[in-house]
Amino acid sequence: MAVTTSPAPSGTTPSAPGLGARLRTGFGLLGPRHPRHALPVEQAEALSLPIGDDGVVAGVDAEGQPAVLGINRPTPYDVVLIGGLWTAQVLALRTAATGARVAVETGRPQAWIQMVHAMGGGQNGLAVYEVGRVPPQGASAGTPVLVVRDCGMRPPRGRTVSGPWQSVLTLLPYLSPVAPRLLRQARLTGIQRVSPDEAGELGRTMGLTRTEVESLPALPDGVTLWCTDRDRQYVMTQPTDAEIGLLGTPRRMD
């Protein structure tokens, strides 16, 4: 059947060129037409998008910007935190809030039980196990896992290792004979306040600058020096009201 078209009535605007062709070739319905949004050139620098790194917000850096730890990864990722239980628990809470599951391997379950109750009795992202009793977690891209090893000064070797979508955070309250081995295999290390002797040893082991070594014995509660092979960043963990209600204020000692 032939299709004929009539001229547009006087005073109206003809259809855009090619409009009929677009509709016939399956590009879908066309939305309403509005004037274009324009931004003067002199205002272009003010345009920004609030998009940062993906991960767990560990706190703020020296400029007050969010400091993010990329804990959920498709490759094995080991983290060592030489510091206090409080910081490890805040990181565990925030990791669970991203949708990951957290498995805590600990010799002091009483220190974690309040968190378990607050999160629904272990059914909503956090479970506590005895040392050496962490079962396979079945980590995947859809359900990443963080294993927190709170096993004292000498965490034993075990089957709880990092893997695809399963990161391991080992908490050390102080340096110990096993620390060098753990630091060598870690891709990220957090250091909180330590003694001058420990700071010197860490400086030699990790290649810290003299300024960084001298700062470690005087770090305030809640401040961590996070280190990778190439980067160093001081981060202050600022708890939310809910975190203070559950865990208290920042502290280095437990």
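Every value quoted in this text rests on a predicted model; they were computed, and no experiment measured them.
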Check for a donor-acceptor pair, side chain of [X] on one end and backbone N or O of [Y] on the other, with a separation under 3.5 Å.
X    : Y    : result
Q185 : L183 : no
S162 : D78  : no
R154 : G152 : no
R94  : V57  : yes
D254 : L85  : yes
Q89  : A111 : yes
E198 : L175 : yes
E105 : R133 : no

(message) So for atom CZ, which belongs to R157, do other residues, nucleotides or ligands contribute more than 12 heavy atoms lying within a distance under 6.0 Å?
(response) no
(message) Surrounding CZ of R181 (heavy atoms of other residues, nucleotides or ligands, distance under 6.0 Å), is the total greater than 12?
(response)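 Check passes, neighbour count above 12.
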Test item: side-chain donor near acceptor, [X] and [Y], under 3.5 Å:
X    : Y    : answer
T95  : T98  : no
T160 : Y129 : no
D221 : W86  : no

(message) Using the rule given for side chain to side chain contact (heavy atoms under 4.5 Å, CB included), can you reason through L225 versus C227, listing the C-alpha separation, both sets of side-chain angles and the distance that settles it, and then say yes or no?
(response) CA-CA 6 Å; L225 174 61; C227 310; 3.7 Å; yes
Which heavy atom of [X] sits nearest a heavy atom of [Y], and at what distance?
X    : Y    : value
A92  : V102 : O-CG2, 3.6 Å
W226 : V79  : CZ3-CG1, 3.9 Å
P135 : Q137 : O-NE2, 2.9 Å
A199 : V194 : N-CG2, 3.8 Å
R101 : G138 : NH2-O, 3.8 Å
M206 : R232 : O-NH2, 3.0 Å

Give, for atom [atom1] of [X] and atom [atom2] of [Y], the distance between the pair rounded to the nearest 0.5 Å.
X    : Y    : atom1 : atom2 : result
R251 : R193 : CZ    : CZ    : 12.5 Å
M153 : L171 : CE    : CG    : 11.0 Å
L202 : T189 : CG    : OG1   : 9.0 Å
M236 : L219 : CE    : CG    : 10.0 Å
H117 : L126 : NE2   : CG    : 11.5 Å
Q192 : T87  : CD    : OG1   : 3.5 Å

(request) With side chain to side chain contact (heavy atoms under 4.5 Å, CB included) as the test, would you mind laying out the steps for Q233 and T228 before giving the verdict? (result) CA-CA 9 Å; Q233 188 173 66; T228 66; over 6 Å; no
What about [X] and [Y], same hydrophobic cluster or not, with Ile/Leu/Val/Met/Phe/Trp/Tyr joined at side-chain heavy-atom distances under 4.5 Å?
X    : Y    : result
V80  : V168 : no
V235 : V90  : yes
L91  : L246 : yes
V131 : V161 : no
L247 : L146 : yes

With a 4.5 Å heavy-atom cut-off, do [X] and [Y] have their side chains touching?
X    : Y    : value
R149 : P156 : yes
L69  : Y77  : no
P250 : T237 : no
T224 : L81  : yes

(message) side chain to side chain contact (heavy atoms under 4.5 Å, CB included), that's the test. Do T75 and R187 meet it? Break it down for me.
(response) CA-CA 11 Å; T75 55; R187 295 182 59 188; 3.6 Å; yes
